Student: 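My questions all concern the structure below.
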There are 2 protein chains.
Amino acid sequence: MTTVCAGSTLLVRKLSRLVALGTDDIAALSELEFQSEQVANHHYLVREGDRVNRCCLLIDGYAARNKLVRNGQRQIVAFHMPGDMLDLQHSLLNRADHNVQTTTAATVGWVDVEKLKGFALAHPKIAEAFARDALIDASIFREWVLNVGRRDAKTRVAHMLCEFVARREAIGISPADPMVLPFTQEQIGDATGLTSVHVNRMLRVLTTEGAFERLNGAYKIADWQKLKRLADFDPAYLHQAA
Amino acid sequence: MTTVCAGSTLLVRKLSRLVALGTDDIAALSELEFQSEQVANHHYLVREGDRVNRCCLLIDGYAARNKLVRNGQRQIVAFHMPGDMLDLQHSLLNRADHNVQTTTAATVGWVDVEKLKGFALAHPKIAEAFARDALIDASIFREWVLNVGRRDAKTRVAHMLCEFVARREAIGISPADPMVLPFTQEQIGDATGLTSVHVNRMLRVLTTEGAFERLNGAYKIADWQKLKRLADFDPAYLHQAA
DNA sequence: CGACAGATTGACGCGCCTCAAGGTACGTGG
DNA sequence: CCACGTACCTTGAGGCGCGTCAATCTGTCG
């Protein structure tokens, strides 16, 4: 549960997509020690109201951020995949304003926030990478406001799938590969402001229209161009190309 | 149009709410020169696709960020008020992924982005303030995803009004003061994912329920506690208390 | 085999949208 | 001073997209 692990490799790879790291930056990052932990599905990595003093790198598995309204309905506001740092978000704020929960079994690596801050102070390139990462997250949040506020159900679901596929591609997984979605239909509903029932119907429509296929538990993008078109998807907001 | 102005006072006041600035930080900020410009309502301060190399301080008036879907529908993803820095958001990214547009006539002050970056490098406290500001913006985006995704129309409109009032309070304007809303009902609709027609009806409902009053063009919060309750509003996400 | 999470499907209703017709306030030019 | 345009607000009637409720099915893990 608390073995030191090679999360730093993953982190270097991620930050390298954001800025051009110097060899000294990379050397420094390699020194970073992550306390590795295996957690079950639905495990809370951060809870609303927590004081955050350590930071979590998602090494394997998937996670989602969510907030609740008074009557208990849930809204997922972001999802995360291997390589994502989950709590830079909160490190400078007093208390977590939302929950972060795994959506599959997962492996995470913990680092002390103060240690990361020290790195940022000593290495401007690393600080810039952290800042860009936070700004890209913010850009994604804006797209989600648009998605939930102004697109119809079919487009919304398709858009969320497109973002998932595009971000997977950035970490090296081809859109054409079959995939097991790390979300239930209810979670897709929580992310798109719909009910699981309606998500189910929209997935059926997207399937009959030939945008993607379903084989027992797994899904496969049947026509990536068509799905993007149906989704009104423009990846510019992901700021992936450096 | 390009007179140097005292925007730095406003900026010092804003950053002081985010971190404890040292006297040297304040002295340095006072040196900052803003090119002041008066702009009309509906003026674009940033356009989607722009390369951003200068940064805009909103000195007087109001502005909103918006994105468009393919069929031309608009979604406002954030609004801004005097004292807000509008483009720290974009300064580290290649291209603007959304528009920023005034919603009233306004006065803004421009600074060079590189100059600001220099400040951040030389003054860790200022860098931290910028970072916290960006993280708070992100927190507000998350709340908007929740608002648009999971609350009904009346609650949504009330919530947006609450955020407006709470943020005004942070810059020194009492919730009890009558106010002329710097948004049209159509803009409130664009911010909440509703049509202007339905916003109109919801405002009527909130009025008949006694949450607020309307006197000719101006509005007044009649019952701040009641409005917050109707809105499911918890200001924690604004991270205003340091 | 039983228990349980998740997917699927149908019937029905409501919240919000659409379309359309004024109304009001204000600025602008004759 | 009035005529007119423009931007915004207001109100009503009707319709549709998505939610609600509920039953059934499937796969998986003990």
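For the numbers below, each heavy atom of this structure counts, side chains included, while hydrogens, waters and symmetry mates do not. All figures in this text were calculated on a predicted structure; none of them were measured in a lab.
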Student: Quick one: do B:Asp190 and A:Arg150 make a salt bridge, cutoff under 4.0 Å?
Tutor: yes

Student: Could you please name the option among D:dC18, D:dT10, C:dC16 that lies closest to any side-chain atom of B:Gln185?
Tutor: D:dT10

Student: Measure NE2/B:His198 against P/D:dC16 and give the value in whole Å, please.
Tutor: 18 Å

Student: Respond yes when some side-chain nitrogen or oxygen of A:Asn200 is under 4.0 Å from OP1 or OP2 of C:dT8, and no when none is.
Tutor: yes

Student: Report yes if a side-chain nitrogen or oxygen of B:Thr195 is closer than 4.0 Å to either non-bridging phosphate oxygen (OP1 or OP2) of C:dC17; otherwise report no.
Tutor: yes

Student: Classify the nucleic acid contact of B:Arg214 as base, sugar-phosphate or nothing, counting any heavy atom under 4.0 Å across all strands shown.
Tutor: sugar-phosphate

Student: About how many Å separate CE of A:Met160 and OG1 of A:Thr155, when rounded to the nearest 0.5 Å?
Tutor: 15.0 Å

Student: Taking CZ from B:Arg150 and C1' from D:dC18, how many angstroms apart are they, rounded to a whole number?
Tutor: 12 Å

Student: Map B:Val197 and B:Met202 onto DNA chain C by nearest heavy atom, then report which one ends up closer to the 5' terminus.
Tutor: B:Met202

Student: For the pair made of CD in A:Gln187 and P in C:dG6, what is the distance, rounded to whole Å?
Tutor: 7 Å

Student: In plain terms, say whether B:Lys14 and B:Asp133 are close enough for a salt bridge, that is, a side-chain N and a carboxylate O under 4.0 Å apart.
Tutor: yes

Student: Between D:dG17 and A:Arg201, counting only base atoms on the nucleotide and side-chain atoms on the residue, is there a donor-acceptor pair under 3.5 Å?
Tutor: no

Student: Could you tell me whether B:Gly193 contacts a base, only the sugar-phosphate backbone, or nothing, with contacts defined as non-hydrogen atoms closer than 4.0 Å?
Tutor: sugar-phosphate

Student: Provide, to the nearest angstrom, the distance between the CD atom belonging to A:Glu186 and the C1' atom belonging to C:dT8.
Tutor: 14 Å

Student: Of the listed nucleotides (D:dG19, C:dG6, D:dT10), which one gets closest to any side-chain atom of A:His42?
Tutor: C:dG6

Student: Determine, for B:Arg167 against B:Asp84, whether the closest basic-nitrogen to carboxylate-oxygen distance falls under 4.0 angstrom.
Tutor: yes

Student: Specify the separation, in whole Å, of atom CG of A:Asn41 and atom P of D:dT28.
Tutor: 16 Å

